[in-house]
Amino acid sequence: MTYDMSQGMPAYSARQATSQLSAALPELDIDDIPQSYGLPVITFDHVTKIYPAQPNKPALDDISLEIFAGEFVFLIGHSGSGKSTFIRMLIREIKPTSGTIKVADEDLTTMRNWRVPYLRRNIGCVFQDFKLLPNKTVFENVAFALEVIGKSRHVIKTQVPEVLRLVGLQDKLNKRPDQLSGGEQQRVSIARAIVNRPPLLICDEPTGNLDPQTSRGIMDLLERINRTGTTVLVATHDREMVDNMRRRVIALDRGVLTQDRERGVYRVNG
Amino acid sequence: MTYDMSQGMPAYSARQATSQLSAALPELDIDDIPQSYGLPVITFDHVTKIYPAQPNKPALDDISLEIFAGEFVFLIGHSGSGKSTFIRMLIREIKPTSGTIKVADEDLTTMRNWRVPYLRRNIGCVFQDFKLLPNKTVFENVAFALEVIGKSRHVIKTQVPEVLRLVGLQDKLNKRPDQLSGGEQQRVSIARAIVNRPPLLICDEPTGNLDPQTSRGIMDLLERINRTGTTVLVATHDREMVDNMRRRVIALDRGVLTQDRERGVYRVNG
Amino acid sequence: MASFFYFLRESFTGFSRNLSTALGSIITIFLSLLIIGIFMIGGYVVDNVASSLESEVSITAFVSDDASEADIDTVESYIRGLEGVQSVSFTTKDQALENFRQTSNSDIIDTLDGQNPLPASIDVELSDPQMVEQVASQIESNTTFQQICDEPDNPAESLKYGQQTVERLFTLTNYVRYISMALVALLIFIALVFINNTIRLAILARRKEIAIMRLVGASNGFIRGPFLMEGALHAVIGAALAVGVLELLRYLVLPKLQTALMFLNFDIGPTAFLFIYVMLAVSGLIIGLIGSAFAMRRYLKV
Amino acid sequence: MASFFYFLRESFTGFSRNLSTALGSIITIFLSLLIIGIFMIGGYVVDNVASSLESEVSITAFVSDDASEADIDTVESYIRGLEGVQSVSFTTKDQALENFRQTSNSDIIDTLDGQNPLPASIDVELSDPQMVEQVASQIESNTTFQQICDEPDNPAESLKYGQQTVERLFTLTNYVRYISMALVALLIFIALVFINNTIRLAILARRKEIAIMRLVGASNGFIRGPFLMEGALHAVIGAALAVGVLELLRYLVLPKLQTALMFLNFDIGPTAFLFIYVMLAVSGLIIGLIGSAFAMRRYLKV
Ligand SMILES: Nc1ncnc2c1ncn2[C@@H]1O[C@H](COP(=O)(O)OP(=O)(O)OP(=O)(O)O)[C@@H](O)[C@H]1O
Ligand SMILES: Nc1ncnc2c1ncn2[C@@H]1O[C@H](COP(=O)(O)OP(=O)(O)OP(=O)(O)O)[C@@H](O)[C@H]1O
Ligand SMILES: [Mg+2]
Ligand SMILES: [Mg+2]
């Protein structure tokens, strides 16, 4: 294959990238491959979400589950089955209609408004629609996640280019989002989510706009990040990826939890 | 499989949907399966596009090709290889830096500005980022494409619900885009593109946010639309789909045409 | 025509959807028109005062004590026939003394011991104050007047019309007019800028919407329609509000001001008000339409 | 402090990126402050006129022709010692006649045949025009004055200070003040509404940006910072422009107006101008900051 890595996917050897990231990632040893019986990072307890605009069809219906520290979980389901709703509740963009959600022992349903930014700084989130700041360059978009938590300009100047190189955007630093292709925007969103090394990483459809090769590169990256102890939750439609990686799979169907199994495959109905 | 069609994918039998659409689609007989040696609908003649913001790396580099009436063509390539640029030039959102582009014998490079809307009304386009009007409901977004070409309210009232049923959104008529899931928004964009039965249909990543089952439904729909004589161009990363359908595949790599073959598979490098 | 109704419907739904933007531009138009309206009313008041000052310009022709009544009648009817004269009246010596007593608060009258040094006079009111000099010279050249005037040696001395005062008055009222016109013009300009800014920002907030419409194949006219309609709708509502408030001012505040400030004349006719209101509505509409059209131009380059 | 510089940097880049929005709000602030400034200067002029009218309030105490100089001196020095009196001067009979001749344009003087019926008088200028009645009654009760006054039977008759005129003058100047204050208040209110509208629209145009910042974990303060900074920057630039234009007006237009309108007093001290400018800058800043903060509130509900 004559494909030049530096274009489609970041030019890193797995070894090199891992050591770079590991310097940045949470305090778990790299070799310490996490077990599912760690502490629960995410707890859903009979959670139901009914959007006011759609009162008689719950977007999520009585969901109870636990996700443990260090897990790598796929969230699958048909279009409109509630995956993004699940994720939006985790970062408290919305509140559940009933039930309780806990993230790292904090109850999101009773959390005070002013604490929400601190919650979000501990959750890296790749949004399905990217949510890049249109008036900032790629560099500034990623740097923003660091500025928000008060990192010094020196730290920003070194970490941002590094993480952009990891997602293969080293030569797009000064472009604005509307000067990027769809897949490049998606990778900026991924870079922003991982740049401040959050203990919890949530990705909503992180490879929907990426070709298979770049997707595989991103997935490898997520897996390596997971291996450093970060809990990773990925909502996806990519059957190939789910089937190949064989991790825990949670399936939703019209808001109902239909499947939750270790080493699962892409199949929505139990 | 217990999956209810009316949720994930439109509740139509292939027969029924075909007859509904055929009443609406261009004047080719359904049985008249088009041959690639029809008239050229799209002609690229040594087209190069260099974005001012990125002057030393052409987004498209000396592309020459022809797409004929009635063809079904996949456009593949890595993230950032120029697929969306290709499409944006077809609807004259941007002009090529050099070379000429013809759509149905009209030269887009010399086309007068006031004629552009008429060009666009003859091209159904599914945008990678959906481009839905945020202040209009699903119904209104789709209806807008008909209002623009001056269709009567009666026609709108019958055709819009029909096409929304085809993409499985019959119960979301009155939602606004921000009340929809990513995949639902994508399907609204598809509905808008096909509702006025354009002779040329261009889809940029139409299934990036859709689960495999819904994707297959959409692809079946596109195929049936193609069978009525509509020329269809689909930019995609969905390897499974390309490999299964075995249609003409055009591959781009960093702006260069690397492959153009009948009955191709997903492979970027010739 | 069908698309007119489409535009109308669109502008109404756009209205309810972008309520806060809509309110913003309506309030801006309303306040702008209100200021303009208040200043137009103020302009009328100033004009009233100026013309009442001007109308006080009159000519007094002093008549000698021994002029015969016939001669006086001749002169009076001669003056009445002159161009620019509105009315002519006669003031006897006694009336003159009485007037003086009333207008002057000096004690000089008391010292006269029954004498009356004041002459009788013919008082000429002018219909056109600017013609005062011409009328005066015509009176002066009248032979009968030259005989009966108070100072026959120099008839001009018997004519009083305060040349200086008249001239000063004209410069004053003209200045007041110019200044208030400049102020109104400035305010209208400022209102225009405000409204244009508001509309520009409102459209800026919807530039993405406009771009999408264009990508879907809407022609510029089709896109412009609802926005123009919306601008016009805002203008009409804003103008209606301004007219309403001005009517309130007219019936509630003006009468109070009038009793308080007797020396100003707030008596503005209903046609003047009608004129002001029509002006406001029309200019609001023009501003709204042109502002929208102008603000949209740069988003409609295809 | 580090984030202060972050905010500053952000507001500058925000500035250059959203140039047309920025220009819009700057122009709005500039024009609003300019109107307010012009009306504040106008207020000073009105005040000048009012107080010069008020300062013309004086008391004239008529003295009989046969009063001795010693008595007059006694009364003068008595009056000089009264509270509220600014200066005292003496007008002889001849001067009185001359003054009368100049101020009155009636021919009555010519008829006096060398007589001088006018009395001499002591003229009292007041430092506080509102004390006119009090000073007058004190003069009236002075025994020396009662002897030398023009009408010894009724000393009050020898004192002229135009009670009615004074009262009318006060109501007039007060009314003018109230009306101009009301007008200035209205204009300030309108300017506030305009600025708030502008800022609201500008932030509305960026509501998506704000929402994204919040989703990425920025605290409200962190988001508000650059926007407030930007609002303040616009306010400062707008205020500077307004001050510049007012300075131009002050040095180019005011002198011309002064020569044209002699009867108005445009003589406003530099401290008054300084006060106006500081007021403009401060109010612009407050408006910009509070406007931004207020406009942002609804987008910062978490
Ligand atoms: N703000 C909202 N108001 C009303 N309904 C909503 C809103 N947001 C989402 N929904 C509805 O809730 C359901 C779940 O939406 P969600 O975005 O969670 O789906 P999803 O699993 O992410 O789908 P996709 O894979 O297409 O992104 C959908 O039917 C959607 O229409
Ligand atoms: N407005 C722009 N200004 C400068 N460069 C641009 C602009 N738009 C796109 N580009 C660049 O041109 C290249 C091609 O972009 P394009 O959007 O065509 O890619 P694509 O094939 O659609 O990718 P994807 O699959 O990720 O959507 C990319 O490198 C992109 O960064
Ligand atoms: Mg989703
Ligand atoms: Mg693309």
Side-chain angles (χ1 to χ4, degrees), chain A residues 1-4 7-9 51-54 57 59 76-85 127-130 168-169 171-172 174-176 178-187 204-205 207-215 218 235-240 253-254 258 266-270, chain B residues 1-4 7-9 51-54 57 59 76-85 127-130 168-169 171-172 174-176 178-187 204-205 207-215 218 235-240 253-254 258 266-270:
Chain A
M1 195 171 70
T2 59
Y3 180 62
D4 174 5
Q7 142 82 7
M9 242 323 278
Y51 286 108
Q54 190 174 272
K57 191 174 146 280
I76 64 169
H78 293 298
S79 170
S81 58
K83 301 181 296 297
S84 297
T85 303
F127 298 94
Q128 194 170 10
D129 54 355
F130 318 149
L169 292 177
D171 48 359
K172 305 276 177 190
N174 298 314
K175 299 276 178 298
R176 273 185 293 111
D178 63 355
Q179 297 172 337
L180 296 180
S181 80
E184 286 162 351
Q185 290 180 41
Q186 191 154 42
R187 283 180 279 160
D204 196 353
E205 203 69 55
T207 58
N209 286 275
L210 298 177
D211 53 289
Q213 195 179 348
T214 314
S215 297
I218 293 294
T236 187
H237 295 125
D238 194 331
R239 176 203 296 266
E240 222 176 313
D253 187 13
R254 272 163 290 169
T258 54
Y266 192 101
R267 194 143 46 99
V268 171
N269 304 102
Chain B
M1 195 171 68
T2 60
Y3 179 62
D4 174 5
Q7 143 83 5
M9 242 325 278
Y51 286 107
Q54 191 173 272
K57 192 174 147 279
I76 65 168
H78 292 299
S79 171
S81 58
K83 302 180 296 297
S84 297
T85 303
F127 299 94
Q128 194 170 9
D129 53 356
F130 318 149
L169 292 177
D171 48 358
K172 305 276 177 189
N174 297 316
K175 299 278 178 298
R176 274 186 290 113
D178 63 353
Q179 297 173 337
L180 296 179
S181 80
E184 287 162 351
Q185 290 179 40
Q186 192 154 41
R187 283 180 278 161
D204 196 353
E205 204 71 54
T207 57
N209 287 275
L210 298 178
D211 54 289
Q213 194 178 349
T214 314
S215 296
I218 293 292
T236 188
H237 294 126
D238 193 332
R239 176 203 295 266
E240 222 175 313
D253 187 14
R254 273 163 289 166
T258 54
Y266 193 101
R267 193 143 48 97
V268 171
N269 305 103

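A, B, ... follow the sequence lines: proteins, then strands. Residue 1 opens every chain.
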Separation between CD (B:Q213) and NE2 (A:H78), nearest 0.5 Å, reads 4.0 Å

Shortest non-hydrogen contact between A:A53 and B:Q179, atoms and distance: CB-NE2, 3.4 Å

Between A:Q185 and chain B, which part of the residue has a heavy atom less than 4.5 Å away: side chain, backbone, both or neither? neither

Where on B:E240 is there a heavy atom nearer than 4.5 Å to chain A: the side chain, the backbone, both, or neither? side chain

Taking only residues two or more places apart in sequence or in another chain, which ones pass side chain to side chain donor-acceptor pair (under 3.5 Å) with A:Q54? B:K172

If I measure from the heavy atoms of chain A, does B:F130 come under 4.5 Å with its side chain, its backbone, both, or neither? neither

If you tally heavy-atom pairs under 4.5 Å against chain B, which of A:E205, A:K175, A:Q186 wins? A:K175

Give, for atom NE2 of A:H237 and atom OG1 of B:T207, the distance between the pair rounded to the nearest 0.5 Å. 10.0 Å

Is it true that a side-chain atom of A:D211 and a backbone atom of B:S79 form a donor plus acceptor pair closer than 3.5 Å? yes

For A:Q128, check side chain to side chain donor-acceptor pair (under 3.5 Å) against everything at least two apart and list the hits. A:S84, B:N209

Quick check for you: to the nearest 0.5 Å, what is the distance between B:K57 atom NZ and A:D171 atom CG? 6.5 Å

Considering all heavy atoms, the nearest B:E184-A:G80 contact: OE2-CA, 3.7 Å

So which of A:G82, A:G208, A:G77 has the biggest tally of heavy-atom pairs under 4.5 Å with chain B? A:G208

